[in-house]
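When a ligand or atom number is given, it counts from 1 through the structure's own listing order.
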Amino acid sequence: MFEPNTKVVILTGAGISAESGIKTFRASDGVWENHRIEDVATPLAWMKNPKMVWEFYQGRRKQLLEVDFNVAHRALVELEKYLEDHFLLITQNVDDLHSRAGSERLIHMHGELRKLRCEKCENIVIAMEKSHLTDKFVSCEKCSSNRLRPHIVWFHEMPFKMNEIYDAVERCEVFMAIGTSGHVYPAAGLLAIAKDVGAHCIGINLEPPENVDLFDEFHQGLAGELVPELISKWIKK
Ligand code: APR
Ligand code: ZN
């Protein structure tokens, strides 16, 4: 199905990292790692209760040291090797499992747990040393600020690189969404754009996502089983 010059855009969500041991967001109990999302993932929460937000993200940042990428992440690297510059991976995930697996043409639209950002001078640093992973805030080395924030796109904030993302989706021939519930915009709206421009749209998810009707083909099941299986079939034709 894929020729080496087929333009492919992949959108991934929490479901692709679930088999690596990272919890997804919208579990049936409605809480996320024992927190309500609005208590920890909004600018207001950071303003009102920075310590709680910081400790929550420090927990998630430390978790990165205990998990590893899985076969679904790896299969996307194989697809990228085959398609090279015709491939783009957009992830909503803030873990680093795609890049650790070897993905290079990758956009982290919702930010990255490994990075911290200064709200005063906009300095962004990779901060994963032991000294960065305690309950104490990390200060900025470039200016006077003593509190870097997680480099994460919170609710009510604009995702990163949206122009680049829209550009790629508007030009793609195949669009594939993996492990995402289709609840959070603008990411969830990319499928409709791809569909509008005539791309073949493929979904892979454990449960039918919100926007399942827009897919030309939908495969229900575990990413760790379906993604390697489908990709190896498609690139060998
Ligand atoms: N394989 C495939 N799909 C899976 C698996 C798996 N092993 N495990 C879970 N899923 C599916 C679930 O059925 C669910 O539909 O992955 C989806 C994950 O959905 P969400 O938890 O809503 O995660 P996501 O869509 O990535 O959330 C989007 O919301 O909170 C924000 O910024 C956060 O990036 C996140 C955004
Ligand atoms: Zn600074």
Side-chain angles (χ1 to χ4, degrees), residues 10-33 35-43 45 56-57 60 67 69-73 75-76 89-98 107-113 115-125 127 137-160 165 176-191 202-212 215 218-230:
I10 316 270
L11 173 71
T12 61
I16 198 168
S17 294
E19 288 157 84
S20 292
I22 300 180
K23 274 199 188 159
T24 61
F25 299 93
R26 285 170 189 78
S28 51
D29 56 7
V31 291
W32 176 42
E33 307 260 350
H35 289 80
R36 291 192 314 153
I37 279 183
E38 54 272 35
D39 289 340
V40 284
T42 64
F56 172 76
Y57 279 98
R60 296 187 66 204
V67 296
F69 57 82
N70 65 52
V71 289
H73 297 101
L76 293 180
L89 175 54
I90 301 165
T91 188
Q92 299 167 83
N93 298 344
V94 292
D95 65 52
D96 57 352
L97 300 184
H98 281 305
I107 294 179
H108 275 279
M109 68 181 293
H110 289 168
E112 294 173 69
L113 284 170
K115 295 181 179 171
L116 300 176
R117 179 170 90 237
C118 179
E119 283 178 309
K120 278 196 182 150
C121 74
E122 294 297 316
N123 185 32
I124 298 169
V125 286
F137 291 116
V138 175
S139 46
C140 179
E141 287 173 1
K142 286 248 169 89
C143 76
S144 58
S145 168
N146 55 10
R147 198 158 78 193
L148 296 179
R149 63 165 273 178
H151 187 50
I152 298 288
V153 176
W154 285 323
F155 286 95
H156 317 308
E157 294 184 319
M158 191 56 82
F160 299 131
I165 290 173
M176 189 176 352
I178 305 169
T180 177
S181 62
H183 276 94
V184 174
Y185 285 80
L190 298 177
L191 169 61
I202 304 168
I204 300 174
N205 212 55
L206 196 53
E207 300 147 14
E210 190 71 8
N211 42 17
V212 66
F215 290 113
F218 177 67
H219 303 266
Q220 185 162 3
L222 294 170
E225 286 172 13
L226 291 173
V227 178
E229 188 184 306
L230 291 167

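- Contact annotation: for His110 versus ligand 1, heavy atoms closer than 4.0 Å belong to the side chain alone.
- Each of the atoms 1 (N), 6 (C), 7 (N) of ligand 1 lies under 4.0 Å from some heavy atom of Glu19.
- At a heavy-atom cutoff of 4.0 Å, ligand 1 is contacted by both the backbone and the side chain of Thr24.
- Between Cys140 and Cys121, the closest heavy-atom pair is SG-SG, 3.7 Å.
- Separation of atoms CE (Met109) and OG1 (Thr91) is listed at 9.5 Å; rounding is to 0.5 Å.
- Residue Leu222 has no N or O atom closer than 3.5 Å to an N or O atom of ligand 1.
- For the pair Pro43 and Phe155, the tightest heavy-atom approach, listed with the atom from each and the gap, is CD-O, 3.2 Å.
- Residue contact check: Glu207 has heavy atoms under 4.0 Å from atoms 13 (O) of ligand 1.
- Between His73 and His98, the ring-plane angle classifies as perpendicular under the 30° and 60° cut-offs.
- Applying the 6.0 Å contact sphere to CD of Glu38 captures more than 12 heavy atoms from other residues, nucleotides or ligands.
- The two residues Pro228 and Ala75 come nearest to each other via the heavy atoms CA-CB, 3.7 Å.
- Not one N or O of Asn93 is nearer than 3.5 Å to an N or O of ligand 1, by distance alone.
- Annotation for ligand 1: atoms under 4.0 Å from non-hydrogen atoms of Gly13 are 26 (O).
- The Zn ion (ligand 2) forms the vertex of an angle spanning SG of Cys121 and SG of Cys143; to the nearest 10 degrees it equals 120°.
- Minimum interatomic distance between Leu97 and Phe69 (heavy atoms only, all atoms of both residues): O-CB, 3.5 Å.
- For Gly221, the heavy-atom gap to ligand 1 drops under 4.0 angstrom.
- Taking CZ of Arg147 as the reference point, atom CD of Glu119 lies at 8.0 Å (rounded to 0.5 Å).
- Those atoms of ligand 1 with a heavy atom of Gly179 less than 4.0 angstrom away are 3 (N), 16 (O), 17 (C), 18 (C).
- Residue Phe160 is tested with His151, His110, His108 for a ring pair (Phe, Tyr, Trp, His ring centres under 6.0 Å); the sole match is His151.
- Within ligand 1, the atoms closer than 4.0 Å to a non-hydrogen atom of Asn205 are 3 (N), 11 (C), 12 (C), 13 (O), 14 (C), 15 (O), 16 (O), 17 (C), numbered from 1 in the order shown.
- Contact atoms of ligand 1 toward Ala14: 23 (O), 24 (P), 26 (O) (distance under 4.0 Å to a heavy atom of the residue).
- A heavy-atom separation below 4.0 Å is not found between His183 and ligand 1.
- Ligand 1 has no nitrogen or oxygen under 3.5 angstrom from a nitrogen or oxygen of Gly182.
- Between the side chain of Ser17 and the backbone N or O of Ser20 there is no donor-acceptor pair closer than 3.5 Å.
- Applying the 4.0 Å criterion to heavy atoms of Phe155 picks out, from ligand 1, the atoms 30 (O), 31 (C).
- Taking the Zn ion (ligand 2) as the apex, the angle formed with SG of Cys118 and SG of Cys140 is 110°, to the nearest 10 degrees.
- Note that CG of Asn93 is 9.0 Å distant from CG of Leu11, once rounded to the nearest 0.5 Å.
- On a distance-only criterion, Leu206 and ligand 1 share at least one N/O pair closer than 3.5 Å.
- The residue from Ala41, Ala223, Ala18, Pro208 that puts a heavy atom closest to atom 1 (N) of ligand 1 is Ala223.
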